[in-house]
K.L.:
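Let me give you the structure first, and then I'll get to my questions.
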Amino acid sequence: MSATSRERQRRYRLRRKSGRRIIMLEVDEVELAVMLESLNFLDPLKADDDEAVERGLNDMIQVLCRGLAGDV
């Protein structure tokens, strides 16, 4: 096993152990950016920055999950 695949496996196991997972979603990028901007999870100047969009989506989902769980 190469170091790269070992590292991926280690991160996968750590995520699973902590109850996290990575999922793949297909969304319209413009609609997603508009929604994240309107909810203040994305700076409009960073709508073309994939990492900023990913962080915004992740933050929005965490807020939603915590709110539904009553953790807010």
K.L.:
Got a second to check how far Q9's CD is from T4's OG1, nearest 0.5 Å?
P.N.:
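Here the rounded value is 13.0 Å.
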K.L.:
Can you list, pair by pair, the side-chain donor-acceptor contacts under 3.5 Å of residues 21-35, counting residues two or more places apart and other chains?
P.N.:
from : atom 1 : to  : atom 2 : distance (Å)
D28  : OD1    : V30 : N      : 3.0
D28  : OD1    : E31 : N      : 2.8

K.L.:
Taking the side chain as every heavy atom from C-beta outward, state whether R11 and E7 have any atom pair closer than 4.5 Å.
P.N.:
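Yes, close enough: below the 4.5 Å cut-off.
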K.L.:
Please report the interatomic distance CG(N40) to CG(D59), rounded to the nearest 0.5 Å.
P.N.:
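Output value for this atom pair is 12.0 Å.
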K.L.:
Going from CZ on R15 to CZ on R10, what distance comes out if it is rounded to the nearest 0.5 angstrom?
P.N.:
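Going from CZ on R15 over to CZ on R10, the span is 10.0 Å.
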K.L.:
Mind checking whether M60 and V63 have side chains closer than 4.5 Å, heavy atoms only?
P.N.:
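No, side chains not in contact.
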K.L.:
Which heavy atom of A47 sits nearest to which heavy atom of E37, and what is that distance?
P.N.:
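Smallest interatomic distance, heavy atoms only, reads CB-OE2, 3.4 Å.
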